[in-house]
Amino acid sequence: MKKIEIGKEFVREHLDLFRCAVCKLPAATVEGNSLVCQNGHQLDFNKQGYLYFLFKAVNGEYDREMLSSRRKLLNKGLFAPIVDEIVEELDAKAQTILDVGCGEGTPLKYLEDLRMRKDTAIGFDISKDGIGLATQLDTNAWFCAADLRQLPFNDQTFDTILEIFSPSDYAEFKRVLKPGGTLIKVIPNPEYLIELRQLLYPTGNHQTYDNSAVVELFKNKFADSVEKQVRYKFALPNDLKTQMVEMTPLHWGKDAKKLTETELINLKEITVDVTLLIAKNNLS
């Protein structure tokens, strides 16, 4: 079956999830190659089977080369313990899951595989390159291009929202989460990729950062939220050390050093240090 037919079939089967990006009314039908709302606004599926809910083209920070490098590392398990911990937080019963800023889709695919593909999973990003790569995955999840500030989904439609290193719009998240639904936000801690930071910025400016404001805002929005730290060492495959540099924006900094072959060879492992912020949608 062609990708466009697979995409149309997914949306047709889960029509109750979607609303019009123009008038906000619920979607009414899939007609031909278009999603049509109750007011008759139409949005066309592209050949890759996804919908482009953005009103204008957006140039995302992450290009195809960067996302491809990231996929190679993720396929080797770079973020596997993070997703393992996320799975521990999910209800055993089938879930409707929304992955915010899904990038090239590998974490959502891994989560779906762990949960035996019983969930209804949607990933979205503003990056056309990311969504284009995501549609190549062998997965039951469906992907689209959308803006987290104007989610093209009906109220109270998702059991779980996942957010891995992505910005937030808590008002929109609360709107589309079911009562009692779960929001899981993953943020990097200061030691995240510290070995790479020290190589790229040897003068002492390791591009350190403080996420305390992010945590404080999350707790203000969700008073009963909890934090879980996930920290581990990841052994870098010898043939993917260049991709390790390319998969992050760290090397974009004006003071970033161009690494030598010897420095890359000696980069044996990398620290992954993140915090999971977990909350229930119990607030109005």
Side-chain angles (χ1 to χ4, degrees), residues 62 66-92 95 97-117 119 121-125 127 130 133-134 137 139 141 143 148 158-168 173 181-197 207-212 214-215 218-219 222 225-237 240 243-250 267 269-280:
Y62 299 170
M66 183 179 185
L67 292 163
S68 296
S69 293
R70 176 167 295 194
R71 172 171 287 179
K72 290 175 182 177
L73 269 301
L74 296 185
N75 281 338
K76 294 294 185 179
L78 178 62
F79 287 175
I82 299 174
V83 180
D84 290 342
E85 187 62 39
I86 289 172
V87 168
E88 290 296 315
E89 296 297 325
L90 300 185
D91 196 297
Q95 302 278 292
I97 298 174
L98 180 65
D99 185 3
V100 175
C102 66
E104 48 72 48
T106 301
L108 184 57
K109 170 182 162 49
Y110 179 53
L111 180 145
E112 189 192 28
D113 288 345
L114 289 176
R115 287 178 55 82
M116 308 300 291
R117 304 196 179 196
D119 302 310
I122 295 176
F124 77 88
D125 204 288
S127 168
L133 286 168
L137 294 170
T139 173
F143 298 93
L148 67 85
F158 291 96
D159 297 296
T160 303
I161 293 180
L162 307 178
E163 196 190 354
I164 303 176
F165 306 155
S166 173
S168 302
F173 293 170
T182 302
L183 170 62
I184 302 176
K185 180 178 178 67
V186 181
I187 60 173
N189 294 328
E191 295 295 299
Y192 177 70
L193 308 186
I194 187 63
E195 297 86 356
L196 182 58
R197 294 174 186 276
Q207 289 210 344
T208 56
Y209 49 85
D210 180 2
N211 270 326
S212 58
V214 175
V215 175
F218 192 91
K219 289 183 174 180
F222 302 93
S225 61
V226 298
E227 301 177 42
K228 286 192 175 181
Q229 184 179 18
V230 179
R231 180 186 171 97
Y232 54 93
K233 297 283 190 178
F234 176 76
L236 283 173
L240 292 179
Q243 284 76 14
M244 183 71 247
V245 178
E246 293 174 346
M247 67 157 272
T248 83
L250 287 171
L267 185 61
E269 63 181 10
I270 204 81
T271 297
V272 179
D273 185 12
V274 304
T275 292
L276 274 62
L277 303 175
I278 306 162
K280 295 292 184 180

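Excluded from the calculations below are hydrogen atoms, water molecules and symmetry mates; all remaining heavy atoms, backbone and side chain alike, are included. Numbering starts at 1 and runs along the sequence shown.
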Nearest non-hydrogen partners of Phe165 and Ile187, listed with the distance: CE2-C, 3.9 Å
Least distance between heavy atoms, Leu133 atom then Ser68 atom: CD1-OG, 4.0 Å
Side-chain touch Phe218/Leu183, heavy atoms, less than 4.5 angstrom: yes
Under 3.5 Å donor-acceptor, Asn189 side chain and Val274 backbone: yes
CD1-CZ distance between Ile278 and Phe222, expressed to the nearest 0.5 angstrom: 12.5 Å
Ile122/Phe158 under side-chain contact (heavy atoms from CB on, under 4.5 Å): CA gap, chis, key distance, verdict: CA-CA 10 Å; Ile122 295 176; Phe158 291 96; 4.2 Å; yes
Min side-chain heavy-atom separation Asp159-Asp91 under 4.5 Å: no
Pro107 to Leu74 - nearest heavy-atom pair and separation: CD-CD1, 3.8 Å
Non-neighbouring partners of Asn75 that pass side-chain hydrogen bond (donor to acceptor under 3.5 Å, both in side chains), sequence neighbours left out: none
Set of residues satisfying side-chain contact (heavy atoms from CB on, under 4.5 Å) with respect to Asp84, sequence neighbours excluded: Tyr110, Leu114
Point-to-point distance, once rounded to the nearest 0.5 Å, from NZ of Lys228 to CG of Leu277: 12.5 Å
Side chain Asp125, main chain Ser127, donor-acceptor under 3.5 Å: yes
Side-chain heavy atoms of Glu89 within contact of Ile184, under 4.5 Å: yes
Any donor-acceptor N/O pair, Glu112 side chain to Ala141 backbone, under 3.5 Å: yes
Test side-chain hydrogen bond (donor to acceptor under 3.5 Å, both in side chains) applied to Lys219 - qualifying residues, sequence neighbours left out: Glu227
Any side-chain heavy-atom pair of Asp119 and Thr160 under 4.5 Å: no
Sub-4.5 Å side-chain heavy-atom contact between Asp99 and Phe143: no
Nearest-0.5 Å distance, CG of residue Leu90 to CD of residue Glu85: 10.5 Å
Results of side-chain contact (heavy atoms from CB on, under 4.5 Å) for Glu269 - residues two or more places apart only: Lys233
side-chain contact (heavy atoms from CB on, under 4.5 Å) evaluation trace for Leu111 with Leu162: CA-CA 11 Å; Leu111 180 145; Leu162 307 178; 3.6 Å; yes
Minimal non-hydrogen separation, Val100 against Ser166, with atom names: CG1-OG, 3.5 Å
Check against side-chain contact (heavy atoms from CB on, under 4.5 Å), Met244 and Leu193: CA-CA 10 Å; Met244 183 71 247; Leu193 308 186; 4.0 Å; yes
Verdict with reasoning, Ile194 to Asp273, per side-chain contact (heavy atoms from CB on, under 4.5 Å): CA-CA 9 Å; Ile194 187 63; Asp273 185 12; over 6 Å; no
Closest approach of Gly103 to Ala134 (non-hydrogen atoms, all atoms of both residues): O-CB, 4.2 Å
Gap separating the CD atom of Gln243 from the OG atom of Ser69, nearest 0.5 angstrom: 5.0 Å
Pairing residues for Arg117 by the salt bridge (charged side-chain N to carboxylate O under 4.0 Å, His left out) criterion, not counting sequence neighbours: Asp113, Asp138
Parallel, tilted or perpendicular: rings of Phe79 and Tyr192 (30°, 60°): tilted
Residue pair Val215 / Thr275, side-chain heavy-atom distance below 4.5 Å: no
Test salt bridge (charged side-chain N to carboxylate O under 4.0 Å, His left out) applied to Glu163 - qualifying residues, sequence neighbours left out: Lys185
Donor-acceptor pair, side chain of Arg71 and main chain of Glu104, under 3.5 angstrom: yes
Flag for Glu191-Thr271: side-chain donor and acceptor within less than 3.5 Å: no
Side-chain heavy atoms of Leu148 within contact of Pro167, under 4.5 Å: yes
Minimum heavy-atom distance Pro249-Met66, with the two atoms named: N-CE, 3.4 Å
